[in-house]
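To start, the structure under review is shown below, and the notes come after it.
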2 protein chains.
Amino acid sequence: MEDRSIQVNLCTSRKEKPKSDELQFGRTFTDHMFVMDYSEPAGWHDPRIVPYQKLEIDPSAMVFHYGQSVFEGLKAYKTSAGEPQLFRPEKNLKRINHSNDRLCIPQIEEEFALRAIQQLVELEKDWIPEAKGTSLYIRPFVISTEPYIGVAPSRHYKFMIILSPVGQYYKEGINPVKIAVENQYVRTVRGGTGEAKTGGNYAASLKAQELVSDSGFAQVLWLDGVEKKYIEEVGSMNVFFKIDGEIVTPALNGSILEGVTRNSVIALLNHWNIPVNERRISMEELRQAHKDGLLEEAFGSGTAAVISPIGQLTWEGEDMQVNNFTTGPVAKKLYDTLTGIQYGRVEDPFNWIVPVGSQVYSKAQ
Amino acid sequence: MEDRSIQVNLCTSRKEKPKSDELQFGRTFTDHMFVMDYSEPAGWHDPRIVPYQKLEIDPSAMVFHYGQSVFEGLKAYKTSAGEPQLFRPEKNLKRINHSNDRLCIPQIEEEFALRAIQQLVELEKDWIPEAKGTSLYIRPFVISTEPYIGVAPSRHYKFMIILSPVGQYYKEGINPVKIAVENQYVRTVRGGTGEAKTGGNYAASLKAQELVSDSGFAQVLWLDGVEKKYIEEVGSMNVFFKIDGEIVTPALNGSILEGVTRNSVIALLNHWNIPVNERRISMEELRQAHKDGLLEEAFGSGTAAVISPIGQLTWEGEDMQVNNFTTGPVAKKLYDTLTGIQYGRVEDPFNWIVPVGSQVYSKAQ
Ligand SMILES: Cc1ncc(COP(=O)(O)O)c(C=O)c1O
Ligand SMILES: Cc1ncc(COP(=O)(O)O)c(C=O)c1O
């Protein structure tokens, strides 16, 4: 696949770009998209960049019925010199293949997929907004397209990449949010698909989110599906706590999505000689820590919001304020450093940045 | 919505119908389909029957990313007099709304949806095959179509009905199959989406199925997601056992799909004065019953296969044969009676049959 070239078919008229201060998350898409098809025995074939357009899909396409799909989410950032760059894209491509494996979707060549992202972003670089906190969200995804309504892995797929210029995920930016601890619904469970980035996990999460959002909660905090005791994630983010001076985060247990931001947070904290303890954390422990005045910080981590401080956790009717509903120093430093690296404002000690024009797989991994 | 009419746009040329002996499950679709759109504030609108055709959908449509979708499956059967009839369609429409609720999809008016099914099947009645065991599979489904990549309930949906002439689900017909008890993967869990008929449950099930099918197993038997001890379902069917003369089936616990066939099996058995015990059943109990020679029958129940006898269960390397790998008398009687009712060959003591031309919601429920 190394020297397979991507066919390019440019659109004839460009769309108008939204103004920086009018950007919403995930509602505007750029002029072009990447598409590649899978069928047997050809495998993945016909990679192409084409005008952004509607898909023509049979109503019996398996994705509509049996949910066989995976996706990724990463961003392109513009440096002050106007150079577009990516943040650890290899991680997302590794993860899409991990998701593919769980969902019985054929593997995608990661090096080639990165080239596809780079070529598409390069073509669309005028779409990367420049105002503070804005970026170009990159959504690679795979859908099963075989026209067959039987429960079995599809034999046809489409791998696509679409791009969306985005503002901050939370209008509040780095301001703390209120989180409801979810006792009834679960997102997923050990042995399920939680480790994979697949539609069904998000579909399952909507109800809980809907029930609490009227009461002003930004997200729910998910407990484990087995005992409903242990903390897993917060909304679509991984979660960290600072308890009595120590940073803790739920250990990867098979039902938690391994976030690229989570991994980066741990690396940065270690780099700063702040140890991170990955282990089981129960809500009861958290409540006790709060009662004892030892719950110093809580924050979510994810590509969309980067770092999202938790100002309040509500569990079984009890409101637990964290750090007086203000952003704590660890969350703040992580946010500044991560966004600093992403926008090229601060040093990149781990070689995380991939300029859109570079060949990443020749770089030391 | 009572007197809202369905607009009909007929196709100009009809497809060729497959021969009865060439029917496969779910690969051929009829000439027309039903479509209805949802948006706010209009609600469900523009119900129409149109030529079966590809959908034009934005690549950012939520169903491709966040799996917000539900579906149903029922069949139209042709009586020996050539009359098309449905089996308990109200149950499927009730269930689609139960699924809709879990998935944050707006409710569909059940009476109207039944009229849509009836009108579509009436139009396509020449597509109902007549050979023994064949039928017209009816697939109502809802997909989320809003072009928005953010995790939230969609504000646009399509409700569609497509039809597929089908042969027997298992080529083996009512012959017993081998089933592998799944210890690693789970389909869903209490608090998840197991009670709903939504794509993600089926996507989650593919991997386990794929791993065992090479070894000749037709399906996996799912254990509960919490303790991995208790029996839930077998493949996409509910499951029954006869242990020491008593019929047992897993109680509905929130993670089991309530099958229309399951409900009908229980009603028939009760009608025959055979009590059914709905309770928790552990694999350990089943193993012990098998060891003691008390596991007399095991079978799955579902629309696709009706009744599917289990000839062998394999758990932790141990093969347990059931009834010498032959169809037991209870399974046989249920299969004969259910299919007899469905095809109009035997009396319908419960008023389950709905002729395609009748007004079901005026009939006593
Ligand atoms: C369920 C879930 N957990 C965690 C994350 C955070 O992952 P990342 O840091 O790679 O964005 C995401 C978002 O991608 C997610 O969807
Ligand atoms: C998971 C699951 N369980 C059970 C069933 C059986 O339900 P029914 O008898 O309504 O077909 C089905 C099939 O519809 C199913 O998908």
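In what follows, chains are A, B, ... by sequence order, proteins preceding strands, each numbered from 1.
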Practice item. Taking the six-membered ring for Trp and the full ring for Phe, Tyr or His, determine whether the centres of B/F159 and B/F71 are under 6.0 Å apart. Key: no

Point to revise | Those residues of residues 188-195 of chain B, ordered by number, that approach chain A below 4.5 Å (heavy atom to heavy atom) | key: B/V189, B/R190, B/G191, B/G192, B/T193

Review point. Quick one: what part of A/S213 sits under 4.5 Å from any heavy atom of chain B, side chain, backbone, both or neither?
Key: neither

Exercise for review: Return the option, out of A/K158, A/E182, A/K197, A/K228, with the maximum number of heavy-atom pairs under 4.5 Å with chain B.
Suggested key: A/K228

**Study point:** Portion of A/I143 that has a non-hydrogen atom of chain B nearer than 4.5 angstrom
**Key:** side chain

**Study point:** Test item: A/N253 side-chain N/O and A/I256 main-chain N/O as donor-acceptor pair under 3.5 Å
**Key:** yes

Check your understanding: Can A/E40 and A/R155 be counted as an ion pair, charged N to O under 4.0 angstrom?
Key -> no

**Study point:** A/Y66 portion near chain B, given a 4.5 angstrom heavy-atom threshold
**Key:** both

Point to revise | Check against ring-ring contact (aromatic ring centres under 6.0 Å, His included), B/H65 and A/F141 | key: CA-CA 7 Å; B/H65 304 269; A/F141 63 108; 4.3 Å; yes

Exercise for review: Would you mind telling me which of A/Y137, A/F29, A/Y148 has the largest number of heavy-atom pairs within less than 4.5 Å of chain B?
Suggested key: A/Y148

Check your understanding: Checking heavy atoms, do the side chain of A/Q184, its backbone, both or neither come under 4.5 Å from chain B?
Key -> backbone

**Study point:** B/N238 versus B/E232, side-chain donor and acceptor atoms under 3.5 Å
**Key:** no

Review point. For B/D101, is it the side chain, the backbone, both or neither that has a heavy atom under 4.5 Å from a heavy atom of chain A?
Key: both

Exercise for review: Please flag which part of A/M62 lies under 4.5 Å from any non-hydrogen atom of chain B: side chain, backbone, both or neither.
Suggested key: neither

Practice item. Please lay out, stage by stage, how B/M237 and B/S301 fare under the test side-chain contact (heavy atoms from CB on, under 4.5 Å). Key: CA-CA 5 Å; B/M237 294 184 286; B/S301 75; 5.5 Å; no

Practice item. Carefully, step by step, assess A/R280 and A/D224 under the rule salt bridge (charged side-chain N to carboxylate O under 4.0 Å, His left out). Key: CA-CA 10 Å; A/R280 289 220 295 199; A/D224 75 284; over 6 Å; no

Study note, to complete from the structure: Greatest number of non-hydrogen atom pairs under 4.5 angstrom with chain A, of B/P59, B/G73, B/S164, falls to B/P59

Review point. Charged N to carboxylate O under 4.0 angstrom, A/R187 versus A/E233?
Key: yes

Exercise for review: Could you tell me if the ring centre of A/H156 sits under 6.0 Å from that of A/Y38?
Suggested key: no

Review point. With only heavy atoms counted, which part of A/F64 is less than 4.5 Å from chain B, the side chain, the backbone, both or neither?
Key: both

Exercise for review: Count the heavy-atom pairs under 4.5 Å between each of A/G67, A/G26, A/G200 and chain B, then report the option with the highest count.
Suggested key: A/G26

Practice item. Mind ranking B/L55, B/T198, B/N201 by heavy-atom pairs under 4.5 Å with chain A and telling me who comes out on top? Key: B/L55

Review point. So which part of A/R139 gets closer than 4.5 Å to some heavy atom of chain B, the side chain, the backbone, both or neither?
Key: side chain

Practice item. Go through the atoms of A/A196 and report whether side chain, backbone, both or neither lie under 4.5 Å from a heavy atom of chain B. Key: neither

Exercise for review: Just give me the residue among B/R102, B/E146, B/M33, B/Q53 that pairs up with chain A most often, heavy atom to heavy atom, under 4.5 Å.
Suggested key: B/R102

Point to revise | Side-chain donor-acceptor contact under 3.5 Å, B/Q68 with B/Y157 | key: yes

Check your understanding: At a heavy-atom separation under 4.5 Å, does A/Q24 approach chain B through its side chain, its backbone, both, or neither?
Key -> neither

Check your understanding: Between the side chains of A/Y52 and B/D58, is a donor N or O closer than 3.5 angstrom to an acceptor N or O?
Key -> yes

Practice item. Please look at A/S60 and chain B and tell me whether the side chain, the backbone, both or neither of the residue comes under 4.5 angstrom of a heavy atom of that chain. Key: both

Review point. Contact part of A/L206 toward chain B, heavy-atom cut-off under 4.5 Å: side chain, backbone, both or neither?
Key: both

